[in-house]
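The structure under discussion appears below in the form of structure tokens.
No hydrogens, no waters, no symmetry mates; every other heavy atom, side chains included, goes into these values. Worth saying up front: this structure is predicted, and the values here are computed from it rather than measured.
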Amino acid sequence: MMLTVTFRQSLVAITATILTAVTSPLLAQPTPMSVSVKDGVMQWQDGSQVALFGVNYAMPFAYGYRSVKQLGLDPQAVIDMDVAHIARMGLDAYRVHVWDRLISDKQGKLLDNEQLRLFDYLQQQLALHGIKTIITPIAWWGSGYPAPDPQEPGFSADYSKAQMNQDPQAIAVTQNYLRQLLTHKNPYTGKTLATDDNVIAFELFNEPKHTQSAAQSAAYVEQLLATVRDLGVTKPLFYNISEQGNDQAFASALCNSSVDGVAYQWYPTGLVKNSALHSNMLPAVAHYTDPFKQIAACQHKAKMVYEFDAADVTRSVMYPAMARSFREAGFQWATQFAYDSAALAQTNSEYNTHYLNLLYTPAKAISFMIAAKEFRRLPLGYQAKEYPASNRFDYTLLDYQADLSLYDDGRHYYYSSNTQQAPADKAQLQHIAGVGSSPLVTYRGTGAYFLDKQQDGVWRLEVYPDLLPLQDPHQPPSLQREIGRLYLHQRPMTLTLADLGPTFAIKGINAGNHYVANAEHGQITVQPGVYLLGRTAALVNSAKQATAPYYLPTIPAPELALVHQPQRQRNLGDKLSFTAQIAGKLPQYQVTLYLRYQGYKDFTALPMTAVNGDTYQLTLPNTAEWQHPGVLEYAISVSDGQQ
């Protein structure tokens with residue numbers, strides 16, 4: 001078991017406010033372009049192929065919405081923060097199944113409530129950041145998970161999932177709801193979902209259950225297609241093909257309908273284990289196997305992955321491999337389920353089998369960023385070598401033992417943990433993103449950071465808080481269970497960038513960040529925030545970007561925590577190492593291991609050394625003193641110099 005020693009007030013005191021921000025220089029300037037399907041391939045107006053990669057995100061609805069309200073937070077401010085972080089990860093796709101039970105009545109009429117308003121607001125924010133959307137109008141699911149379903153006003157609560165596509169009244173109400181939702185004018189954009197170019201397609205029903213004949217199922221699908229197209233909608237329309245399992249007859253009937261595309265899911269590591277998987281799961285994602293590959297009609301339909309994840313896996317190597325396998329199988333859209341709001345991610349209580357957040361899973365976030373790059377780069381039908389040779393493909397390296405995803409195309413250099421591999425072309429480098437250290441960045445913090453070249457001699461640095469993992473994030477969910485904690489430490493960072501030189505100037509540019517200094521031998525001291533770096537102070541001061549947005553949840557005053565995995569047994573002659581993660585108000589502490597053989601009176605005091613971020617380690621000397629059989633007892637003490 002993991003032992004966590006912590007001294008802290010109740011977790012209820014989580015985030016109270018979100019830092020406000022001004023207009024972002026990183027906001028994308030999207031070009032309005034519609035999407036069509038030609039011979040099973042989605043393409044933009046200019047004929048180029050669609051390739052979009054991103055996440056599901058459910059904050060306007062269900063458990064996420066209820067929890068944010070319970071914590072006394074502003075849901076709109078939470079959306080601002082999360083969308084900014086999703087964009088910071090370089091993602092350009094968003095999908096959600098709308099919880100129709102929360103925004104409709106028994107006749108399928110839309111309710112003018114806060115959840116619909118927040119969904120509208122989210123659509124505007126996604127568009128401002130250049131993130132395209134595919135909407136699934138009907139979830140059918142109740143909104144309670146992982147809690148019991150509350151009372152819900154919507155029509156689908158009155159029908160089983162199978163009745164939704166068989167009962168004439170259910171179908172009629174569904175059609176009314178579709179007309180209502182798709183023609184609802186978003187007050188923030190002035191557009192309807194049907195006319196908004198940022199919404200590129202619709203997937204009509206989330207994970208339907210068909211128990212009637214394949215022909216009857218296809219007839220139902222045609223009813224929904226006609227309902228939407230009669231509204232003048234020309235966007236591609238998708239329907240789920242995965243939920244029926246390996247039902248070849250259903251798949252054949254669906255693919256021979258007038259649907260434009262089919263929607264798949266992929267959960268190759270299973271779901272809801274209620275604990276983390278600690279084995280190498282890369283072989284499980286070496287290829288995506290399409291069960292309907294032999295149905296010719298299905299190969300002439302566009303393909304999207306509406307949900308996927310390497311569930312219950314904490315390592316940062318899975319997503320690039322999954323993106324590679326999706327491109328091999330011909331997918332043009334893939335959205336992970338589901339991105340965790342930073343306001344709730346310290347508990348991972350929304351969907352405990354999933355866990356992805358820029359702040360609380362920084363290594364996985366960088367890995368996901370790499371996956372997005374490769375998904376957009378790799379051609380449809382890309383063929384990688386067989387595993388394990390496939391751990392090197394295109395510009396990506398995956399190393400399970402080092403927990404490393406690395407991407408290096410000459411202009412972009414991304415790494416999810418420490419690496420010694422130097423970038424291929426330092427002179428052409430434009431973007432760096434990482435966790436830990438590399439030949440260009442020496443940093444002992446545990447959060448993610450980003451370096452983006454603005455012009456010759458000027459770079460933008462964005463640093464996120466240190467993370468201390470406290471316990472297995474995939475245990476059963478609870479808002480009272482803290483699985484990770486953020487710290488706003490000041491830490492040294494050394495940059496080896498020829499474009500900046502060893503004495504570059506640095507200036508804080510996010511709200512409240514007034515730091516101004518010059519590097520010495522490439523070293524600066526940074527805390528979470530946004531900075532401009534320039535070869536000279538004049539370059540920094542003349543740069544166009546004077547201020548920058550930067551979003552964090554409110555982080556409580558830091559309190560000391562120690563996380564340690566107790567030792568069990570070792571063979572004589574083996575190296576015996578002790579490791580602990582320790583964080584608090586200070587970036588570093590005096591840590592001592594006290595050790596003795598059971599039955600001995602006195603402990604031997606041995607200093608532990610900070611090896612990386614908040615990690616302290618000691619390896620016993622291979623001397624006779626510690627080389628005879630017996631039971632060792634030990635304790636770890638932490639001192640801040642006063643107590």
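Aromatic ring pairs are classed by plane angle as parallel below 30°, tilted from 30° to 60° and perpendicular above 60°; the pair Tyr288 and Phe326 is tilted. Between Phe375 and Phe53, the ring-plane angle classifies as tilted under the 30° and 60° cut-offs. Note: Tyr239 and Phe250 have tilted aromatic rings, judged against thresholds of 30 and 60 degrees for the angle between ring planes. Between Tyr464 and Phe450, the angle of the ring planes goes over 60°, which puts this pair in the perpendicular group of the 30/60° scheme.
No hydrogens or angles considered: nothing links the side chains of His129 and Tyr94 as a donor-acceptor pair under 3.5 Å. Checking His287 against Glu328 by side-chain atom types alone, a donor-acceptor pair falls below 3.5 Å. If you check the side chains of Ser341 and Asp82, you find a donor sitting under 3.5 Å from an acceptor. Checked by atom type, the side-chain pair Glu307/Tyr267 shows a donor-acceptor distance below 3.5 Å. Side-chain contact check for Asn391 and Tyr400: no donor-acceptor pair (N or O, by modelled atom type) lies under 3.5 Å. Side chain to side chain, Thr442 and Thr494 fail the donor-acceptor criterion of an N or O pair below 3.5 Å. Between the side chains of His300 and Asp39, a donor-acceptor pair is found at a separation under 3.5 Å.
Counting heavy atoms from C-beta on, the side chains of Phe393 and Leu378 come closer than 4.5 Å. Residues Ile241 and Cys298 form a side-chain contact, since some pair of their non-hydrogen atoms from C-beta on lies under 4.5 Å apart.
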Please report the C-alpha distance between Thr136 and Asn240 in whole Å, then the side-chain angles of each, then the deciding distance to 0.1 Å, and finally whether the side chain to side chain contact (heavy atoms under 4.5 Å, CB included) criterion is met. CA-CA 10 Å; Thr136 304; Asn240 185 295; over 6 Å; no
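For NZ of Lys161, the number of neighbouring non-hydrogen atoms (other residues, nucleotides, ligands) closer than 6.0 Å is greater than 12. Other residues, nucleotides and ligands contribute only 12 or fewer heavy atoms inside 6.0 Å of the CD atom of Gln294.
Between Asp309 and Lys364 no salt bridge is recorded (no basic side-chain N to carboxylate O distance below 4.0 Å).
To the nearest 0.5 Å, atoms OH (Tyr634) and CG (Leu618) are separated by 11.0 Å. The structure places OH of Tyr339 at 7.0 Å from OG1 of Thr361, a figure rounded to the nearest 0.5 Å. Distance check, rounded to the nearest 0.5 Å: CG of Leu237 to CG of Leu204 gives 5.5 Å.
Between Tyr63 and Tyr351, the ring centre distance reaches or exceeds 6.0 Å.
Residue Arg376 is tested with Asp409, Asp394, Asp92 for a salt bridge (Lys or Arg N to Asp or Glu O under 4.0 Å); the sole match is Asp92. Residue Tyr264 forms a ring-ring contact (aromatic ring centres under 6.0 Å, His included) with just one option from Tyr306, Phe238, Phe308, Phe331, and that option is Phe331.
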